[in-house]
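Down below is the structure, laid out as structure tokens.
Predicted model only: the values in this text are computed from it and were never measured. All chains are named by letter (A, B, ...) in the order of the sequence lines, taking the proteins before the strands, and each is independently numbered beginning at 1.
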Number of protein chains: 2
Amino acid sequence: MNQTTEPTLVDVAQRAGVSIATASRVLSGAQHVSESRSRAVRKAIADLGYRHNAVASALRSQRTETVGLILPRYTTGFLSALIESVSAALDDAGLSLVLRYSAEGDDHDVETVESLLNRRVDGLIVCPPSEDVSRDAIAAAARVPVVQVGRHIFGDGTDSVGLDDNRATDLLVGSLADGGARSFATVGLSPADHADARRIAAVRASCDSRGTAFVAALPADAVLAGGVAAANRLLASRDPAGPDGGAGLVVDGRRVDAIVCANDDVAHGLVTVLRLGDVAVPDDVQVASLLDVSFGEGDDRDITTLRHPWPAMGREAVRLLLDALGSTGGGDAGGARRVTLAPRLLKGRSSR
Amino acid sequence: MNQTTEPTLVDVAQRAGVSIATASRVLSGAQHVSESRSRAVRKAIADLGYRHNAVASALRSQRTETVGLILPRYTTGFLSALIESVSAALDDAGLSLVLRYSAEGDDHDVETVESLLNRRVDGLIVCPPSEDVSRDAIAAAARVPVVQVGRHIFGDGTDSVGLDDNRATDLLVGSLADGGARSFATVGLSPADHADARRIAAVRASCDSRGTAFVAALPADAVLAGGVAAANRLLASRDPAGPDGGAGLVVDGRRVDAIVCANDDVAHGLVTVLRLGDVAVPDDVQVASLLDVSFGEGDDRDITTLRHPWPAMGREAVRLLLDALGSTGGGDAGGARRVTLAPRLLKGRSSR
DNA sequence: TTGAAAGCGCTACCAG
DNA sequence: CTGGTAGCGCTTTCAA
């Protein structure tokens, strides 16, 4: 086994019969180097099995070609999608991704940033974990361009790419309304939860603006079993003396012909049980979901849903960062840019 | 805005009135440094807002304190779990994680490794994407310790941590048998698929070794709707003249009292519909799943399932790597170690 | 177009 | 316990 040290540019230059400066020029794109020497250098590189040393290069050029990505500690699918898209976009730009999860508590978060800065990352992409953590601390500590990405964006000192949940919700409600829905309910959103309350409000607002009724926010666990349970309750409260002979759903004595679920799991459980209970979906009642959980699946969908654009968000975040890196090379000159993307409506067989 | 360059060790040393060598010693753990000078240095560091330069340090010490992680391009939950656990374990060891996804094709895969080696990572953790890709190429190209982690492990030149699927399957079948099951079927596993065929074989082998019957591998899409469809077919083929008055399930004229599903989604759909069809689960038929998809959920489970230990696998992979880094500092001395972990059986209300 | 040389910031060796 | 100093491997002026 060859235990000698790795070949360096000196070795390459020597072997090619050129100066180390010339060898370096060839590596960095062969500008202003004669074809003959360039060829000689490339041959030497191949012969020696030379490998460029990114560490030495970084020390000298003060650029590590590296970006730090800070994520919250969720083990959910969408994070995978975000990581992968960020990674791909960075790859295209020839940058490496250093990953770090933010620990609990603000202090640790600052520490996380510090350690990335010690590594001399050229930039930072931060996915805000919660509304409690102060992003300002991060922005203050960072001496490099920072881009925030995610559902909640804080402060306005940094570039960011966010999600327009409300617009998407409106899209969903509009689609159901276009399909003939006049009265809505939600299933699986809890008014007690801060984020859920906002979603309920968004649905209600959409209903109001369209002149359709919002009947109720029905509680349920945000999983398949929750949808099943909710469906059973709905089936039990059907009114045989109702206008359509009991085919329709009734809540609090009011007809409901459209149901917005917290996510696909809930919707799946709901739809499955409703159909078994002889409620036709989407004919008697339309069902849709606010949150797609099936990443990368085909377009032949059962449940109408909103697909959150995490891949696009990752790409956008990298684009903003590259932009910042290119223009100033290290500061936050100019105003912060904010990119907002909206989930995409995927129509399935659960709505018209 | 302070546009001067970042303070260096020279600045720190100067300000503390010590040599740069002493300042460096303080940074690296204050060994053999008098308390007074140590304090002075730490004060200078704080005053100046000095940040250790990991790049320069790495160049000089020939250790980047960095590990490369290569992943396949799946956007599934388990990868999140793996990444997070690897990240946490590396964090504890003070190492940074450089993430990279393997591109399509073997050549690109080698390129991926090369770029990580250019970055001078101290070690490599590789999650094999498919059985087609030659891990040997990676092992050959790598001049640093490599650990493989995942479902499929290739070659035996490197340390690895794998998954004992068969043992786990046997555990699951055994649990159902202990609950009184005498005849099994699978739902959602396709004999045409290579990996699925192996799983079916494992179930069958377990049945054989226990003297219980394996009746059939029922096809179904490996999603909720597949389970629903399978359940409807099963309900339709019930035999009212059967031994238990039609309460039991029958396939090809043979009673089935235990069903092993491809995953939780299928099982959920199956159980939900069976119960609505007045088949008692687990009393008339027990149901279990080979693959848990709900990471990090509570223990009050509906479906009995196998939880794959991705977090533990990540930890183990890092442990092996640290070990290799510690002992030789760069080679594959000694035989390759292989750690095998088994999924954990999570009992739910769908089995006895 | 080319080469010589000066460092990037740090660690580690050696002498005191 | 401390300080001087020689590089780690590369990029980048500056002259030629």
- Side-chain touch A/T8/A/D11, heavy atoms, less than 4.5 angstrom: yes

- Could you tell me whether A/R337 and A/E316 make a salt bridge, using a distance below 4.0 angstrom between a side-chain N and a carboxylate O? no

- Message: Need to verify one output field. Residue with the more 5' nearest nucleotide on DNA chain C, B/A58 or A/E35?
- Response: A/E35

- Note on the structure: So the contacted stretch of DNA chain D, first to last nucleotide with an atom under 4.0 Å from a non-hydrogen atom of chain A, runs from D/dG9 to D/dT13

- Message: My understanding is that only one of A/D92, A/V67, A/L95 makes a side chain to side chain contact (heavy atoms under 4.5 Å, CB included) with A/L322; could you say which?
- Response: A/L95

- Message: Regarding A/S24, tell me which of base, sugar-phosphate or nothing describes its non-hydrogen contacts under 4.0 Å with the strands shown.
- Response: base

- Message: How many whole angstroms separate atom NE2 of B/H52 from atom C1' of C/dC10?
- Response: 7 Å

- In whole angstroms, how far is the P atom of C/dG9 from the CZ atom of A/R119? 17 Å

- Message: For C/dG3 and A/S19 - does any side-chain N or O of the residue sit under 4.0 Å from the phosphate oxygens OP1/OP2?
- Response: yes

- Query: How close do A/L71 and A/C127 get, heavy atom to heavy atom, and via which atoms?
  - Reply: CD2-CB, 3.8 Å

- In whole angstroms, how far is the C1' atom of C/dG9 from the CZ atom of A/R120? 9 Å

- Item | Taking every non-hydrogen atom, the tightest pair across B/R315 and B/A89 | CA-CB, 4.3 Å

- Item | Closest non-hydrogen atom pair between A/G314 and A/S85, with its separation | CA-OG, 3.3 Å

- Task: Return no unless some side-chain N or O of A/Q62 is found under 4.0 Å from OP1 or OP2 of C/dG9.
- Result: yes

- Check the distance between C/dG3's C1' and A/Q14's CD and give it to me in whole angstrom. 15 Å

- Message: Distance check needed: C/dA5 C1' versus A/R60 CZ, whole Å only.
- Response: 11 Å

- Query: Can you find a side-chain donor-acceptor pair between B/S96 and A/R119 that sits under 3.5 Å?
  - Reply: yes

- May I ask you to say whether B/D159 pairs ionically with B/R338, meaning some side-chain N is under 4.0 Å from a carboxylate O? no

Just the atom pairs and distances: protein N or O near nucleotides 14-16 of chain C's N or O, under 3.5 Å.
none

- Item | Rounded distance (Å) that lies between atom P of C/dG7 and atom CG of B/L59 | 17 Å

- Donor-acceptor pair between B/S80 and A/S80 side chains, under 3.5 angstrom: yes

- Item | Contact under 4.0 Å: A/S34 side-chain N or O vs C/dT2 OP1/OP2 | yes

- Rounded to whole Å, the CG-C1' distance (B/L48 to C/dG9) equals 15 Å

